[in-house]
Amino acid sequence: MPEPTEPKDFIRTIVEQDLRSNKHGGRVHTRFPPEPNGYLHIGHAKAICIDFGVAADYGGLTNLRFDDTNPSKEDMEYVESMKRDIHWLGFDWGDREYYASDYFEHLYAYAVQLIKMGKAYVCDLSPNEMREYRGTASEPGRESPYRNRSVEENLDLFARMRAGEFDEGSRTLRAKIDMASPNFLMRDPVIYRILKVPHQRLGDQWCIYPMYDFTHCLSDSLEGITHSLCSLEFENNRELYDWYLETLDVFRSHQYEFSRLFLSYTTVRKRRLLPLIQAGIASGWDDPRMPTLAGLRRRGYTPESIRAFCDAIGVSKANSLIDVAMLEHFVRQDLDNRAPRVMGVLRPLKVIIDNYPEGQVEQMTAYHHPSYPERGTRQVPFSRELWIEREDFMENPPSKFFRLGPGREVRLRYAYFVTCVGVDKDANGEVTALHCTYDPATRGGDAPDGRKVRGTIHWVSAESAVPAEVRLYDRLFKVENPDEGDPLENVNLESRTVLEGCYVEPSLADAPAGSSYQFERQGYFCVDPDSTPGRPVFNQTVGLRDTWAKIAGQG
RNA sequence: UGGGGUGUCGCCAAGUGGAUCAAGGCACGGGACUUUGACUCCCGCAUUCGGAGGUUCGAAUCCUCCCACCCCAGCCA
């Protein structure tokens, strides 16, 4: 009878309460408010999933709003990349694309209103003086000597600030709240500062810009945002958020905070990632090892997998460090279901089938996806000379090793059983080629006599193999929490391995950039834009779980 | 140091009208299946809920005190 209710997070619980009490007339309206000062990353993905997800769950809307109040740090270039990334992730804001700068005139009027109410004043303290006046955690701050200017004088001074009469940094407009508040943000916070920098959208229309706390709550209010969701570090700001809305007596939006996403072995901090790009360790913000959405996309992560991940980690107020293995699990899960299977040899070893007719080529039928036969098949050419994976052969294999070794028989996936009958070596004793014989009766991979074989290995016909480059990746940092310590010291310099002499099956010759495949027995790979016709370049998204590696690792 | 927060299995995270409710996922271990040592499928995995007291027949859930960690003193967001 009582249906097992899906556990909800605390935010959805609040939204449901508000819905039940008809707090906003049944309306749920959220917003995603990035500052256009960089690229969106996995941490933003969590916020996006929450902002859009909560609204969608209750039939509400989500606005995209660029929080562009600091032109010295922002650029329109980021606006475009952010829009593309959000769409790629799978969310849409309809025609509700807003900018805090849309509200500058309105915000200015609110500031004038505060002045008229005696709740704001122009302050001439320098940045250093202001810091001194602010006090400390144990001592209250002191009131600015300019705190009690008349409304008329404040109005005049503020108008002249806007007119550009004063130097940058010489004056600010401040809210008159409480210099003794235990919350620093309430000790007469700055509302407007002078910044003689042209705005990326408005040009030189303004030389004073509103601060975040003032802008954000009023933008929310103006847009009718019911639930303003943000991360934990803004908990202290909520008191100010509420003060502005209450004092100006405008629509009351409410702010709720959830914990940011932290991933092990990962940092999303620009100050820590940029040095890696500058040092040439990473190729750019879309390097496949980057935690940016652009990087994850190039790496082969799917939007679905990122959304499933965000869904799984939940929403709470507890600081947490999530194991990257969790993220990897969700790409594997998604790609396992959708990626077509192909064969590719990363570290090739030549195999010659001694008893196979020279010059003969057979087409072997292989499933695009064995779990879904309805997805069809493809033909894979087979011939006398093949490439197999070097690590699928051992000259002195332990008993647990199911692959090829002298005298051992294995199945070539979708082809024949072969037995190793000889090993060619060079002067250094390095294995250069294997000689095998095949059993013609096992075509397709089944032995009519019921004979079993422990190992099945993948291969590519040498005569039609397509040369390819494969880039293998490992975590970018060697330490679990790269937010601490020297970023350049903690980087994993072996996080990228470029393999140039790989061979893949012919069907991959012109695979389109961005498409994902499972190289059987190896992992998921995504075609990189660096590919050229006839020579694809693959990025390893994530490897398959490798039980053998664990067994071998134990000795 | 003042204020604001958080502490449930190795990592996330449900569970707060008190009484077989300590969900689920990841990771890990074992087994089955297998033309991917993949996938899938079984099984195992906190007598215990930051700690100590207290109230009670009974507390992760209520009370008291304590401890740890995170955030705040940008004219950043």
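Since we're looking at a predicted model, the values are computed, not measured. Every chain is numbered from 1 and lettered A, B, ... according to where its sequence line falls, protein lines coming before strand lines.
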For A/Thr30 against A/Asp51, the heavy-atom pair lying closest together: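 Nearest pair, atom of A/Thr30 first, then A/Asp51: OG1-O, 2.6 Å.
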
Which heavy atom of A/Val460 sits nearest a heavy atom of A/Val504, and at what distance?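 Closest pair (atom of A/Val460, atom of A/Val504, distance): CG1-O, 3.7 Å.
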
Do the rings of [X] and [Y] sit parallel, tilted or perpendicular, given the 30° and 60° boundaries?
X	Y	value
A/Tyr212	A/Phe234	tilted
A/Phe104	A/Tyr209	perpendicular
A/Trp206	A/Tyr108	tilted
A/His216	A/Tyr241	tilted

Distance in angstrom units between [X] [atom1] and [N] [atom2], rounded:
X	N	atom1	atom2	result
A/Leu544	B/U34	CG	P	19 Å
A/Leu327	B/A27	CG	C1'	14 Å
A/Ile457	B/G37	CD1	P	10 Å
A/Lys317	B/A13	NZ	C1'	16 Å
A/Glu389	B/G37	CD	C1'	14 Å
A/His369	B/U40	NE2	P	10 Å
A/Arg411	B/U34	CZ	P	11 Å

Which residues share a side chain to side chain donor-acceptor pair (under 3.5 Å) with [X], sequence neighbours left out:
X	result
A/His368	none
A/Glu165	A/Arg160
A/Thr69	none
A/Arg408	none

Can you name the side chain to side chain contact (heavy atoms under 4.5 Å, CB included) partners of A/Ala318, sequence neighbours left out? A/Ser316

Just by modelled atom types, is the A/Cys123 backbone N or O under 3.5 Å from a matching donor or acceptor in the A/Ser144 side chain? no

Using a cut-off of strictly less than 4.0 Å, decide whether A/Arg238 has a side-chain nitrogen or oxygen near OP1 or OP2 of B/G5. yes

Establish, with yes or no, whether the OP1 or OP2 oxygen of B/C39 is under 4.0 angstrom from a side-chain nitrogen or oxygen of A/Ser371.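 For B/C39, neither OP1 nor OP2 has a side-chain N or O of A/Ser371 closer than 4.0 Å.
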
Give me the distances for all protein-to-nucleotides 28-32 of chain B N/O pairs that come in under 3.5 Å?
unit_1: B/C28; atom_1: OP1; unit_2: A/Lys550; atom_2: NZ; d: 2.9

Could you list the protein-to-nucleotides 41-45 of chain B atom pairs, N/O on both sides, closer than 3.5 Å?
none

Chi-angle category of B/G74 [syn within 90° of 0, anti beyond]: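 Classified syn.
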
Taking Watson-Crick and G-U wobble contacts under 3.5 angstrom, with | marking pairs to another strand and [ ] crossing pairs, the secondary structure of RNA chain B is written .(((((((.[[[..)........]]].(((((.......))))).....(((((.......))))))))))).....

Compile the donor-acceptor pairs under 3.5 Å between side chains in residues 323-330 of chain A and protein atoms, sequence neighbours left out, one pair per line.
unit_1: A/Asp323; atom_1: OD1; unit_2: A/Ala325; atom_2: N; d: 3.0
unit_1: A/His329; atom_1: NE2; unit_2: A/Gln333; atom_2: OE1; d: 3.3

Taking N and O atoms by type only, does the side chain of A/Arg403 place a donor or acceptor under 3.5 Å from a partner on the base of B/G37?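 Checked by distance alone, the answer is yes.
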
Taking atom types as they are modelled, is there a donor-acceptor pair under 3.5 Å from the base of B/U1 to the side chain of A/Glu139?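 Per atom types, no contact qualifies.
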
Using 4.0 Å as the upper bound for N to carboxylate O, is an ion pair formed by A/Asp102 and A/Arg201? yes

Pairing of A/Glu389 and A/Arg521 as salt bridge, 4.0 angstrom limit: no

Strictly under 4.0 angstrom, non-hydrogen atoms only: write out the protein contact profile of nucleotides 67-77 of chain B, one letter per nucleotide from the 5' end, B, S or -. ---SBBBSBSB

From the candidates B/U6, B/U36, B/A13, the one with an atom nearest any side-chain atom of A/Arg521 is B/U36

Between A/Phe402 and A/Ser259, which has a closest nucleotide on RNA chain B that is more 5'?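 Final value for this comparison: A/Ser259.
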
Sub-3.5 Å pairs of nitrogen or oxygen atoms, protein against nucleotides 21-26 of chain B:
unit_1: B/C26; atom_1: OP1; unit_2: A/His329; atom_2: NE2; d: 3.3

A/Asn70 and A/Ser72 side chains, donor-acceptor separation under 3.5 Å: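 Checked: A/Ser72/A/Asn70 side chains pair up, N/O donor to acceptor below 3.5 Å.
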
Checking A/Phe382 now: which residues fulfil ring-ring contact (aromatic ring centres under 6.0 Å, His included) with it, not counting sequence neighbours?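 Testing A/Phe382 for ring-ring contact (aromatic ring centres under 6.0 Å, His included), a comparison that skips the adjacent residues, returns A/Tyr356, A/Tyr416, A/Trp459.
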
